[in-house]
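Structure record follows, encoded as structure tokens.
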Amino acid sequence: MLYIILAVISGAMISAQSSYNGMLYPFIGVLGVGFISQFLNALTSLILELAAKRKFPKPSGMPFRACLGGVCAIFVLGFSGYLVARLGSAVTVCLSVSGQLIMSAAVDHFGWFGSDKVSFHTYRLPGFLCILAGVFVINFAGGDSFTGVSGQGILFLLLIFAIFIGCITVFARMFNYEASRYVGKVAGSFYNSGFGAIVALLLLLAASGFHPPLSGFQNAPLIGYLTGPLGAVACVFNNMAYGNMKVFHATTFLLIGQIGASIVADFILLGSFPLGKFLGIAVVCAGIFLDKWAAAKH
């Protein structure tokens with residue numbers, strides 16, 4: 001029961017992180033969100049590592065490429081804030097999870113990152129087609145609820161982009177996993193997030209002509225800065241859940257927490273939840289769980 005609760009809480013924290021990125025985006029932009037999220041994540045990971053082992057984590061032969069997850073995460077975190085500000089938390093989270101599912105299937109099928117090849121099977125097609133159907137329902141049945149998006153064509157592109165961000169998330173996690181094999185999960189997160197924060201800061205400085213939006217950082221809502229610590233703690237809870245439960249069960253409860261919290265967040269922030277958007281999200285969720293059920297059965 002404890003690990004079920006941890007999985008749900010971890011999912012809720014990941015969802016909340018996206019919502020907080022959405023709060024920060026209007027003030028500091030994509031690169032600002034990418035930098036501050038990564039920096040605070042690295043700081044939290046370092047504090048957890050020092051508290052657990054009482055010494056600074058050393059790379060210990062870790063290859064440089066293992067830190068590239070932080071670079072991928074810049075765009076995941078930064079653009080998740082952009083998408084949440086336009087699509088809402090629930091739609092962004094659902095489609096991001098769908099992208100993770102699709103890219104994970106591709107990684108397994110082609111054996112990328114040194115993983116064992118697991119061929120794609122036709123029993124996964126119904127789940128993927130259900131996800132695609134959900135995207136169309138959100139676009140056409142729930143499109144009128146996205147007041148900040150001009151036109152269904154632009155909306156459809158943003159929905160596809162949310163799936164793409166989920167795909168990039170898989171690359172970030174694979175690099176992070178490689179780092180964890182050398183230095184441990186928390187220290188691996190520290191090195192990935194730390195390197196990502198440095199790259200994001202350099203990009204932010206270059207894009208702003210070395211005049212970063214300091215006023216934006218000052219005026220942004222303070223609660224938005226929880227994005228980094230939430231990401232680090234969610235990672236720890238996630239590892240505990242996956243280490244003590246079957247993968248299918250852990251993933252299911254993680255998604256329940258993630259999607260459930262995002263719907264609640266949208267309802268609180270927007271004051272309502274249009275039926276068309278809800279139906280589209282329900283169809284996407286059905287596709288995700290159908291795929292997970294089929295994979296577990298086979």
Side-chain angles (χ1 to χ4, degrees), residues 1-22 37-38 40-54 57 69-70 73 76-77 80 84 89-90 92-94 96-101 104 166 169-170 172-181 183-193 223-268 281 284-285 288-293 295-296:
M1 186 65 180
L2 171 63
Y3 298 110
I4 291 176
I5 294 173
L6 288 178
V8 173
I9 292 175
S10 176
M13 285 182 169
I14 294 171
S15 177
Q17 187 181 24
S18 296
S19 297
Y20 290 142
N21 287 339
S37 296
Q38 291 285 73
L40 293 175
N41 194 329
L43 181 61
T44 305
S45 298
L46 178 60
I47 292 171
L48 292 174
E49 182 74 7
L50 292 175
K53 298 184 178 179
R54 309 214 179 261
V76 171
L77 294 168
S80 69
V84 166
S89 179
T92 301
V93 167
C94 283
S96 175
V97 170
S98 302
Q100 293 171 43
L101 199 69
S104 295
T169 300
V170 174
R173 288 179 178 172
M174 293 301 292
F175 285 123
N176 200 39
Y177 171 71
E178 184 174 10
S180 72
R181 293 191 304 177
V183 296
K185 293 181 175 63
V186 178
S189 178
F190 162 69
Y191 278 107
N192 268 279
S193 299
I223 193 172
Y225 290 105
L226 285 175
T227 174
L230 277 176
V233 176
C235 182
V236 174
F237 284 1
N238 186 51
N239 291 334
M240 292 174 66
Y242 273 89
N244 293 275
M245 296 173 64
K246 290 183 178 180
V247 172
F248 172 69
H249 292 151
T251 302
T252 299
F253 288 112
L254 181 76
L255 292 178
I256 289 173
Q258 198 169 351
I259 295 170
S262 66
I263 291 175
V264 171
D266 272 3
F267 189 82
I268 292 173
I281 290 172
V284 171
C285 291
I288 293 170
F289 286 109
L290 180 61
D291 177 78
K292 292 296 180 183
W293 174 81

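For the single chain, residues carry numbers from 1 onward in sequence order.
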Legend entry - Contact summary for A73 and Q38, nearest pair of heavy atoms: CB-NE2, 3.4 Å
Inset, instruction - Kindly indicate whether the side chain of S98, heavy atoms from C-beta on, has any atom under 4.5 Å from the side chain of V284. - result: yes
Legend entry - For the student: nearest non-hydrogen atoms of I288 and C94, plus distance: CD1-O, 4.1 Å
Inset, instruction - State which residues pass side chain to side chain donor-acceptor pair (under 3.5 Å) with S18; sequence neighbours excluded, sorted by chain then number. - result: none
Legend entry - Heavy-atom donor-acceptor pair, S193 side chain to S189 backbone, under 3.5 Å: yes
Legend entry - salt bridge (charged side-chain N to carboxylate O under 4.0 Å, His left out) contacts touching residues 223-235 (sequence neighbours left out): none
Legend entry - Minimum heavy-atom distance between N192 and G69, given as atom pair plus value: OD1-N, 2.9 Å
Inset, instruction - Quick one: closest heavy-atom pair of S104 and V170, and the distance? - result: OG-CG2, 3.8 Å
Inset, instruction - Would you please name every residue forming a ring pair (Phe, Tyr, Trp, His ring centres under 6.0 Å) with F175, sequence neighbours left out? - result: F113
Legend entry - Beyond-backbone contact of F237 with M13, side-chain heavy atoms, under 4.5 angstrom: yes
Please report, to 0.1 Å, the donor-acceptor pairs under 3.5 Å made by any side chain of residues 225-234, with sequence neighbours excluded.
unit_1 : atom_1 : unit_2 : atom_2 : d
Y225   : OH     : F217   : O      : 2.5
T227   : OG1    : N21    : OD1    : 2.8
T227   : OG1    : S37    : OG     : 3.4

Legend entry - Minimum heavy-atom distance between A187 and P57, given as atom pair plus value: CB-CB, 3.7 Å
Inset, instruction - First locate atom CD1 of I263, then atom CD1 of I281, and finally report the distance between them rounded to the nearest 0.5 Å. - result: 5.0 Å
Inset, instruction - Spell out, as yes or no, whether a donor-acceptor pair under 3.5 Å connects the side chain of T44 to the backbone of L40. - result: yes
Inset, instruction - Taking ring pair (Phe, Tyr, Trp, His ring centres under 6.0 Å) as the test, write out the residues that go with Y20, two or more places apart. - result: none
Inset, instruction - Only one of S262, S80, S19 passes side-chain hydrogen bond (donor to acceptor under 3.5 Å, both in side chains) with S89; say which it is. - result: S19
Legend entry - Gap separating the CZ atom of F190 from the CG atom of N41, nearest 0.5 angstrom: 11.0 Å
Inset, instruction - Would you give the length of the straight line joining atom CG of L46 to atom OH of Y191, rounded to the nearest 0.5 angstrom? - result: 9.0 Å
Legend entry - E178: side chain to side chain donor-acceptor pair (under 3.5 Å) partners, not counting sequence neighbours: R65
Legend entry - Heavy-atom side-chain contact between I14 and S10 under 4.5 Å: yes
Inset, instruction - List the atom of D266, the atom of A90, and the distance in Å for their closest heavy-atom pair. - result: OD2-N, 3.1 Å
